[in-house]
Amino acid sequence: MNKKSFFTQQVLIWYSDHQRNLPWRSTRDPYTIWLSEIILQQTRVAQGLPYFMRFIKKFPSVYDLAKASEKKVLKEWEGLGYYTRARNLHRCAKRVVSKYNGRFPDTYNELITLPGIGSYTAAAIASISFNECVPVVDGNVNRVLCRVFGIHDEIQSSTGKKRIYALAEKLIDCRQPAAFNQAIMEFGALHCTPKAPRCSDCTLAKICVANKEQLQEWLPVKKKKAPVRKRFFTYFMIKDGRRWAMQQRKGNDIWKGLYEPYLIETKQQKTVSELIKKDTFLKVLNPDPNVKPSPVYHHLLSHQKLTIRFVELAIKRKPGKDFKMPGIIKFYSKSALESLPKAIIVHRFIKEHVAT
DNA sequence: TACACGTGGTG
DNA sequence: TCACCAAGTGT
């Protein structure tokens with residue numbers, strides 16, 4: 001038996017013996033598969049699982065998801081990160097209902113045209129739900145194939161991606177594409193792990209280049225990441241009576257679509273009185289000059305390090321007569337405030353510090 | 001093509 | 001501690 005056939009056979013055997021029992025494994029329903037795949041993009045099963053359960057319960061069908069508001073969908077997504085996924089999830093549901101009468105298209109080529117569905121997710125849905133023989137290439141597949149077949153190209157590079165995809169196309173068992181695709185991913189997730197792969201207990205060890213040459217630590221080859229950008233956020237929790245000012249984030253930046261208090265961002269840490277003095281809007285509010293900020297929170301994103309403080313500010317002068325609130329700011333009661341989708345760090349602060 | 005996009009777990 | 005990672009996509 002040649003090396004490729006052996007690989008395919010062993011991965012499928014390994015999967016039948018070791019696969020986890022996960023809720024989306026007991027169905028081929030494309031809505032369920034699609035939802036699980038979107039949630040699991042760049043996300044561990046343990047982290048995504050509770051979100052999947054809540055989404056299925058709250059939005060049992062693509063119609064339920066399509067008719068919900070974007071705010072509701074974002075709220076359900078709160079804390080999972082990569083919020084564009086949630087907005088595209090919602091757009092995709094609406095598209096499936098409006099353009100496909102509520103039935104997901106059943107081919108890779110049509111699936112990939114939908115928002116939030118790229119090459120990986122299109123292949124996953126096409127193979128798992130519709131038995132189309134297209135290989136998935138995710139982080140697990142990259143790792144497993146680069147190690148076993150000794151691929152030294154950078155996996156982000158054009159040649160690396162082509163080489164890995166071409167290899168996956170040769171390996172996939174077209175009699176059972178759903179099983180093969182899930183098998184190779186599960187094998188990467190549980191056995192051929194990034195750190196400390198279980199080579200001593202691996203049926204592929206005898207054909208694995210990385211095992212033979214002790215290259216597990218070096219494969220797959222990845223390019224180094226850029227250093228993280230540092231940003232300083234000061235949030236002003238503006239309170240007018242029993243209502244709080246919030247605004248929605250727009251533009252091309254983190255947390256797009258989520259809500260937050262009035263924000264002043266600086267390139268370095270400044271004192272609160274400095275910020276107030278310079279800010280035309282806050283100056284008009286005539287705040288207590290001795291307001292003290294919360295201790296700083298450090299929040300790490302993949303490419304940014306945020307230093308965040310919160311300042312609680314009660315409005316002394318009513319807006320309307322002498323001044324107006326900036327257009328994007330609106331006031332929310334306690335319960336309305338809590339129902340807004342927020343970044344996790346903002347959510348936590350508000351939950352802990354906002355009483356009635 | 002390279003980079004931006006979240007959060008939490010891991011060694 | 002902190003760099004790296006986790007079922008990628010959009011621009």
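Below, chains carry the letters A, B, ... as their sequence lines are ordered, and counting in each starts from 1.
Residue contacts for Arg348(A): at a heavy-atom cut-off of 4.0 Å it reaches the sugar-phosphate backbone alone, with no base atom in range. Residue contacts shown for Arg229(A) are absent, as no nucleic acid heavy atom lies under 4.0 Å away. Using a 4.0 Å heavy-atom distance criterion, Lys222(A) is classed as a sugar-phosphate-only contact. Within the nucleic acid shown, Gln304(A) comes within 4.0 Å of sugar-phosphate atoms alone, with no base atom in reach, counting heavy atoms only. Among the protein residues, Leu301(A) comes within range of the nucleic acid bases, having at least one heavy atom under 4.0 Å from a base atom. If you check every strand for non-hydrogen atoms under 4.0 Å, Ile39(A) touches nothing. Across all strands shown, Arg25(A) has heavy atoms under 4.0 Å from base atoms, whether or not it also approaches the sugar-phosphate. Counting any heavy atom pair closer than 4.0 Å across all strands shown, Arg249(A) reaches no nucleic acid atom.
Taking the six-membered ring where the residue is Trp, Phe236(A) and Tyr262(A) present tilted rings, their angle falling between 30° and 60°. Note: Phe52(A) and Trp24(A) have perpendicular aromatic rings, judged against thresholds of 30 and 60 degrees for the angle between ring planes. Taking the six-membered ring where tryptophan is involved, the planes of Phe55(A) and Phe59(A) are tilted, since the angle between them lies from 30° to 60°. In this structure, Tyr235(A) and Phe233(A) have perpendicular ring planes: the angle between them is above 60°, well past the 30° mark. Between His18(A) and His191(A), the ring planes lie tilted relative to each other; the angle falls in the 30° to 60° range.
Heavy-atom neighbours of Arg249(A) CZ from other residues, nucleotides or ligands within 6.0 Å: above the threshold of 12. The 12-atom threshold is not exceeded at CG of Asn252(A), counting heavy atoms of other residues, nucleotides or ligands nearer than 6.0 Å. The environment of CD in Glu352(A) is crowded: more than 12 heavy-atom neighbours from other residues, nucleotides or ligands sit within 6.0 Å.
Taken residue by residue, residues 172-191 of chain A places no heavy atom nearer than 4.0 Å to DNA chain B. DNA chain B lies under 4.0 Å from at least one heavy atom of each of the following residues of residues 52-80 of chain A: Gly79(A), Leu80(A).
The side-chain tip of Arg54(A) points at the ring of Tyr51(A) from less than 6.0 angstrom away and within 45° of straight on.
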Identify each atom pair where a protein N or O and an N or O of nucleotides 8-11 of chain C are less than 3.5 Å apart, giving names and distance.
from, atom 1, to, atom 2, distance (Å)
dG8(C), OP1, Gly139(A), N, 3.2
dG8(C), OP2, Gln42(A), N, 2.8
dG8(C), OP2, Gln42(A), NE2, 2.8
dT9(C), OP1, Gly118(A), N, 2.7
dT9(C), OP1, Gly118(A), O, 3.4
dT9(C), OP1, Thr121(A), N, 3.0
dT9(C), OP1, Thr121(A), OG1, 2.8
dT9(C), OP2, Ser119(A), N, 3.4
dT9(C), OP2, Tyr120(A), N, 3.2
dG10(C), OP1, Gly116(A), N, 2.4

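Nucleotides of DNA chain B nearest to Lys195(A) and Ala343(A) differ in position, and the one nearer the 5' end is that of Ala343(A). Residue order along DNA chain B, read from the 5' end via each residue's closest nucleotide, puts Lys161(A) first among Lys161(A) and Lys342(A).
Taking 4.5 Å as the limit, every side-chain heavy atom of Pro177(A) sits out of range of all side-chain heavy atoms of Val134(A).
Taking Glu110(A) as the reference, Thr107(A) meet the side-chain hydrogen bond (donor to acceptor under 3.5 Å, both in side chains) condition, with sequence neighbours excluded.
Reading DNA chain B from its 5' end, the first and the last nucleotide to sit under 4.0 Å from a heavy atom of chain A are dT1(B) to dG8(B).
At a threshold of 4.0 Å, the pair Lys277(A)-Glu274(A) does not count as salt-bridged, since none of the basic side-chain nitrogens sits closer than that to a carboxylate oxygen.
The distance from atom NE2 of His303(A) to atom P of dC5(C) is 13 Å, rounded to the nearest whole Å. We find that NZ of Lys224(A) is positioned 17 Å from P of dC2(C), with the value rounded to whole Å. We find that CZ of Arg44(A) is positioned 15 Å from P of dC4(C), with the value rounded to whole Å.
The same atom, P, is picked in dC2(C) and in dC5(B); the two are 22 Å apart, to the nearest Å. Between dT1(C) and dG6(B), the two P atoms lie 25 Å apart (nearest whole Å). Comparing the same atom, P, in dA7(C) and in dT1(B) gives a spacing of 23 Å after rounding to whole Å.
The disulfide bond (SG atoms under 2.5 Å apart) pairs that include a residue from residues 93-161 of chain A are Cys133(A)-Cys174(A), where partners are two or more places apart or lie in different chains.
His353(A) and Glu312(A) form no side-chain donor-acceptor contact under 3.5 Å, judged by distance and modelled atom types alone. A donor-acceptor contact closer than 3.5 angstrom links the side chains of Glu37(A) and Tyr120(A).
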